[in-house]
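Numbering starts at 1 and runs along the sequence shown.
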Amino acid sequence: MPQLRLAMNQIDSTVGDLSGNAESIVRWTRHAAERGAHLVAFPEMALTGFPLEDLALRSSFVEAARAALDALAGRLAEEGFSELPVVVGYVDRGEARPRLGQPVGAPRNAAAVLYGGEVVLRLAKHHLQNYGVFDEVRYFVPGDTLPVVRVCGIDVALAICEDLWQDGGRAPAARAAGAGLLLSINGSPYEFDKHEDRLEVVRRCAQEAGCALAYLTMTGGQDELVFDGDSIVVSAQGEVIARARQFEEVCTLVDLDLPAAAEEPPTGVLDGGLVVDHRTISAEPLPPYEIQAPGGQMARLGDDEELYMALVVGLRGYVTKNGFRSVLIGLSGGIDSALVAAIACDAVGASDVHGVAMPSAYSSEHSVADAAELARRTGLNFRTVPIAPMFDAYMGALGLTGLAEENLQSRLRGTVLMSLSNEEGHIVLAPGNKSELAVGYSTLYGDSVGAYAPIKDVYKTSVFALARWRNRTALERGHVPPIPENSLSKPPSAELRPGQVDTDSLPDYTVLDRILSLYVDNDQGCDAIVAAGHDAELVTRVLGMVDAAEHKRRQYPPGTKISPKVFGKDRRLPITNRWRESA
């Protein structure tokens, strides 16, 4: 059987950085060429960054991306790679002539094959994603071809992301066209537990296509989204040949023995209406060579490590790609701010993390002590700014009581953080978790201030689990655990009044999080949640709190998505809404 050395470049692109992304593509192509690759591939929208959102609607950007693609093809040839086919994702526009149901020149989620200094083949995603965080029907028109490129005597069919996740389309079309390999480039965002679903989809599609399948995706952070890599190659029978590391830029090389292409290239219209678009780059098989890249699977991360790495990569991407140099966190001595501080130190380095303790008259002695101990363990920059004098001044002027008095403390802390941010140039990280955000257990313009919220999609029970994992891992590596034991063991409290603890206002977090998971993540109604074993009165109260807090969530900072239903990107409900769930 003919042989092919495939190079899958799992890279981290930045949205809008056409020149920077092109440089990355050239660098990784050089890396692959030096290792004898015969076909080089990059992820979905690798040249433009992903997702583009409304940038795709700007004709100036689309034209710039097309020009950058042409320039990249020439640059690769100048660098000595003119005989090496390279598959690159980018944004294109539709044909200039009108087509039924498609605006002239409408944007397309596209890919191209670069060879000999030119663009020799273009394709557009056939199935457009229109669920969860994706609005591709808003931006793009679909492609209607089955692109096939003949390389080293092997027909390689091409697909883009959702083309595999939907029934029909390019997988069965690849079988009909007799392809020896189906190569899919992807921009599949991370969600916890998604890697096994991804593997099953890849296996099923390989069997449906009747050929080996290479599934290449990206890594890195982009606003709320984080991409975990986890690129996969499977045989026609669905057996894993190669699987890349998670959350790392890496070139995965694999030598494949693949069926020879038919003498006559495939043509015509296939089932599903796809038209074969075939290009021949090299018709003759390579002379047999010794296998140097047999594949192999990198070890999967454990559940807690996977979640933690997603949070680190997401925050790092937001900070570095937006040109920030340092972060600022209000340190209360509690578990949420402690975990955020640990994530920040791992993401950007402790020297660029600044923590501020802001005690009030109601703060316990251990609050400042635990914050200081966290700073000692991690090496982050630490200072104390008491808010009691400010609080007394406001109280003297306003005479607040009850909840207004409690919230004033939080808002003063928010003012301190934003003032230091303006003065010193740090960005503020909001420490709120998903449990608190769900039920509105936060203060607008207080603990909700910030540019980014690293754990906004992490339930409180998972916050504790991740903190314990981080400490345990540090001990295993001979390092100092970053999070003080007292922060892990003491009852959670906002400390806005004497003796206050979270359970004064909320159920135990183990109960609350189970209810929230059913309601928020799984869209279950009150009756279904009660039927799952929860107290009817409690369920009605919790769901009412969730519904009433929508206006707070709209004003909360962006944060890393790790679940199928993050607030904001995925879960979008009207603020003005009189529908209420009740038992």
Side-chain angles (χ1 to χ4, degrees), residues 6-12 41 43-44 161 164-165 183-207 212-222 225-235 237-256 293-317 339 342-343 346-347 454-455 457-459 461-477 479 521 560-564 566:
L6 173 67
M8 299 198 302
N9 291 292
Q10 181 176 288
I11 66 170
D12 179 5
E44 181 178 7
C161 199
L164 296 191
W165 290 81
L183 170 62
S184 176
I185 62 171
N186 308 272
S188 180
Y190 171 79
E191 291 173 8
F192 180 63
D193 266 351
K194 187 177 181 178
H195 57 276
E196 289 309 313
D197 291 340
R198 183 183 289 154
L199 178 58
E200 288 307 308
V201 167
V202 171
R203 282 175 164 157
R204 173 179 57 78
C205 286
Q207 293 165 357
L213 193 155
Y215 180 97
L216 167 62
T217 191
M218 61 179 64
T219 189
Q222 171 62 35
L225 301 183
V226 63
F227 301 91
D228 61 325
D230 193 33
S231 300
I232 307 168
V233 181
V234 301
S235 69
Q237 294 74 39
E239 298 170 345
V240 177
I241 299 171
R243 196 163 185 181
R245 290 191 295 271
Q246 295 169 275
F247 302 108
E248 290 186 35
E249 285 194 299
V250 65
C251 174
T252 299
L253 287 160
V254 57
D255 284 315
L256 299 168
Q297 296 190 57
M298 300 303 297
R300 301 295 88 200
L301 302 179
D303 289 350
D304 290 333
E305 183 177 11
E306 181 182 290
L307 278 176
Y308 190 87
M309 284 301 303
L311 299 173
V312 168
V313 171
L315 176 58
R316 181 185 295 139
L339 179 62
I343 291 168
D346 290 335
I455 61 171
D457 201 25
V458 183
Y459 285 119
T461 46
S462 292
V463 168
F464 279 102
L466 291 175
R468 293 189 182 98
W469 173 84
R470 182 63 182 84
N471 276 5
R472 186 170 62 252
T473 301
L475 283 172
E476 291 170 354
R477 296 173 179 174
H479 301 157
D521 298 328
T560 305
K561 168 184 164 67
I562 61 167
S563 76
V566 66

For Val234 and Leu199, which heavy atoms make the closest approach, and how far apart are they?
CG1-CD1, 4.4 Å
Over all atoms of both residues, closest heavy-atom pair of Asp521 and Ser563:
OD1-OG, 4.1 Å
Can you name the nearest heavy-atom pair linking Ala7 to Cys251, along with the distance?
CB-SG, 3.9 Å
Step by step, work out the side chain to side chain contact (heavy atoms under 4.5 Å, CB included) result for Glu306 and Arg300.
CA-CA 8 Å; Glu306 181 182 290; Arg300 301 295 88 200; over 6 Å; no
How close do Ala244 and Gln10 get, counting heavy atoms only, and between which atoms?
CB-OE1, 3.4 Å
Kindly compute the distance separating CG (Leu6) from CG (Leu256), expressed to the nearest 0.5 Å.
6.0 Å
Is it true that Gln246 and Tyr190 share a donor-acceptor pair across their side chains at a distance under 3.5 Å?
no
Do the non-hydrogen side-chain atoms of Tyr308 and Leu339 ever get within less than 4.5 Å of each other?
yes
Could you grab the distance from atom CZ of Arg204 to atom CH2 of Trp165, nearest 0.5 Å is fine?
9.0 Å
Just by distance, do the side chain of Gln297 and the backbone of Val240 share a donor-acceptor pair under 3.5 Å?
no
Asp228 and Lys194 ion-paired at < 4.0 Å:
no
Between CG of Leu466 and CZ of Phe464, what distance do you get to the nearest 0.5 Å?
11.5 Å
In sequence, state the C-alpha distance, the side-chain angles, and the governing distance for Lys561 and Val226, and then conclude on side chain to side chain contact (heavy atoms under 4.5 Å, CB included).
CA-CA 7 Å; Lys561 168 184 164 67; Val226 63; over 6 Å; no
Asp255 side chain to Ala293 main-chain N or O, any donor-acceptor pair under 3.5 Å?
yes
Would Ser188 and Tyr215 satisfy side chain to side chain contact (heavy atoms under 4.5 Å, CB included), going step by step from the backbone distance to the final call?
CA-CA 10 Å; Ser188 180; Tyr215 180 97; 3.4 Å; yes
With side chain to side chain contact (heavy atoms under 4.5 Å, CB included) as the test, would you mind laying out the steps for Phe247 and Leu301 before giving the verdict?
CA-CA 10 Å; Phe247 302 108; Leu301 302 179; 3.9 Å; yes
Report yes if the side chains of Pro43 and Thr217 come closer than 4.5 Å at any heavy-atom pair, otherwise no.
no
Separation of Leu311 CG from Ile343 CD1 (nearest 0.5 Å):
4.5 Å
In short, Thr560 meets Asp457 closest at the heavy-atom pair O-CB, 3.4 Å
Heavy-atom closest pair (Glu44 atom, Cys161 atom, distance to 0.1 Å) is OE1-CB, 3.2 Å
Would a distance-only check, ignoring hydrogens and angles, find a side-chain to backbone donor-acceptor pair under 3.5 Å from Arg316 to Asp346?
yes
When rounded to the nearest 0.5 angstrom, what distance separates CZ in Arg198 from NE2 in His195?
9.0 Å
So does Arg470 pair up with Asp304, basic N to acidic O under 4.0 Å?
no
Spatial distance of atom OG1 (Thr252) from atom CZ (Arg245) [nearest 0.5 Å]:
7.5 Å
